[in-house]
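Here, residue 1 is the first one in the sequence, and each next residue gets the next number. Note that the structure is predicted; figures quoted are calculated from it, not measured.
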Amino acid sequence: MKEKQFNKIRNSLLLAVILFEVCHLTWEYINGGVVTHHLFMRADLPGLSNWWGLLILPLLVWLSAAVIRKRISTKSDAKTLFSSILLGFFGMLLVSTVQSIAFVNGFPSVTMYLALGVLISALFVPLYRMECILGHVIGSTFVFGPAIPFVGVLMFAPISLLSHKCIKPLLLRFKNRRTTLG
């Protein structure tokens, strides 16, 4: 993919995310005020305002584009990588949207089971990648705001990174050593 084409896509995504967040905040402001989400849904704990979305979402898009550009430039098969990126983004977008819908419709247990499923999946699927993180945060923004899902990412992304960069290579080395000896 050419640099000019990539920059055009990145800038279009940035504009779309900024417009989405401005519309979201405007709607909240008009309908009773911008929501503040408290940790563990307890008012005595610190709250995170949805105003953070004006910083978090564009920053995530920008960082995702930079990381993806680097991955594309170092990979020879860009078509396979591009489909992998889309699958990661839309997969996490779908999961976080289903979590949000379940929560709004009074099924908090479904939300918790999906969160646990994401945490367990992070051991086997590289959910530490920026497209997965971006999809998760965007899919949850309308219901939970952008800050709470971003805090959630801080739970599953390090587990996924550790699993794929440390534990998986050790297991593969152990397996290869056993097959060579046996």
For Ile56 against Ala147, the heavy-atom pair lying closest together
CD1-CA, 3.8 Å
Let me confirm one number: the OG-NE2 distance from Ser49 to His37, rounded to the nearest 0.5 Å.
8.0 Å
Quick check: Tyr128 with Phe156 (ring centres under 6.0 Å apart)?
no
Side-chain heavy atoms under 4.5 angstrom apart, residues restricted to Ile, Leu, Val, Met, Phe, Trp, Tyr: same cluster for Leu86 and Leu60?
yes
Heavy atoms only: give me the nearest Ile18-Pro58 pair and the separation to one decimal.
CG1-CG, 3.7 Å
Rounded to the nearest 0.5 angstrom, the CD1-CG distance for Ile120 and Leu116 is 4.0 Å
Quick one: ring-ring contact (aromatic ring centres under 6.0 Å, His included) partners of Phe150, sequence neighbours excluded?
none
Do Gln99 and Ser96 have side-chain heavy atoms sitting under 4.5 Å apart?
yes
Side-chain touch Glu21/Leu25, heavy atoms, less than 4.5 angstrom
yes
Can you find a heavy atom in the side chain of Trp27 that is under 4.5 Å from one in the side chain of Phe142?
yes
Answer whether the closest heavy-atom distance between the side chains of Ser140 and Ile148 falls below 4.5 Å.
no
Just jot down the side-chain contact (heavy atoms from CB on, under 4.5 Å) partners of Leu59, sequence neighbours excluded, or say none.
none
Measure across Ala122 and Ser163 and return the closest heavy-atom pair with its distance rounded to 0.1 Å.
O-CB, 4.3 Å
Whether the Asn176 and Arg173 side chains hold a donor-acceptor pair (N or O, under 3.5 Å, no angle test) is what I'd like checked.
no
Check whether any side-chain heavy atom of Phe144 sits under 4.5 Å from a side-chain heavy atom of Ser100, and report yes or no.
yes
If you compare all heavy atoms of Pro146 against all heavy atoms of Gly53, which two are closest, and at what distance to 0.1 Å?
CG-CA, 3.1 Å
Check: Val22 main-chain N/O paired with Thr26 side-chain donor or acceptor under 3.5 Å:
yes
Between the side chain of His136 and the main-chain N/O of Met92, is any donor-acceptor distance below 3.5 Å?
no
Rounded to the nearest 0.5 Å, how far apart are NZ of Lys8 and OG of Ser12?
6.5 Å
Measure from the side-chain N and O atoms of Ser84 to the backbone N and O of Thr80, and report whether any donor-acceptor pair falls under 3.5 Å.
no
Between Phe90 and Ile138, is there shared hydrophobic-cluster membership here, with clusters defined by ILVMFWY side-chain heavy atoms closer than 4.5 Å?
yes
Straight-line distance of Arg69 CZ to Ile9 CD1, nearest 0.5 Å:
11.0 Å
Hydrophobic clusters here meaning ILVMFWY residues chained together by side-chain heavy-atom distances under 4.5 Å, can you tell me if Phe103 and Leu114 are in one?
no
Does a side-chain heavy-atom distance below 4.5 Å link Thr141 with Phe20?
yes
Rounded to the nearest 0.5 Å, what's the gap from CD1 on Ile167 to CD1 on Ile159? Could you check?
9.5 Å
Check ion pair Glu131-Arg71 (N to O, under 4.0 angstrom):
yes
Look at the side chain of His164 and the backbone N and O of Ser160, then say whether any donor-acceptor pair between them is shorter than 3.5 Å.
yes
Any chain of hydrophobic side-chain contacts (each under 4.5 Å) joining Val67 to Phe89?
yes
Co-membership, hydrophobic cluster, residues Leu14 and Leu54, 4.5 Å side-chain
no
Sub-4.5 Å side-chain heavy-atom contact between Thr36 and Asn50
no
First locate atom CG of Leu134, then atom CG of Leu93, and finally report the distance between them rounded to the nearest 0.5 Å.
8.5 Å
In the structure I gave you, are the side-chain heavy atoms of Ile133 and Met130 within less than 4.5 Å of one another anywhere?
yes
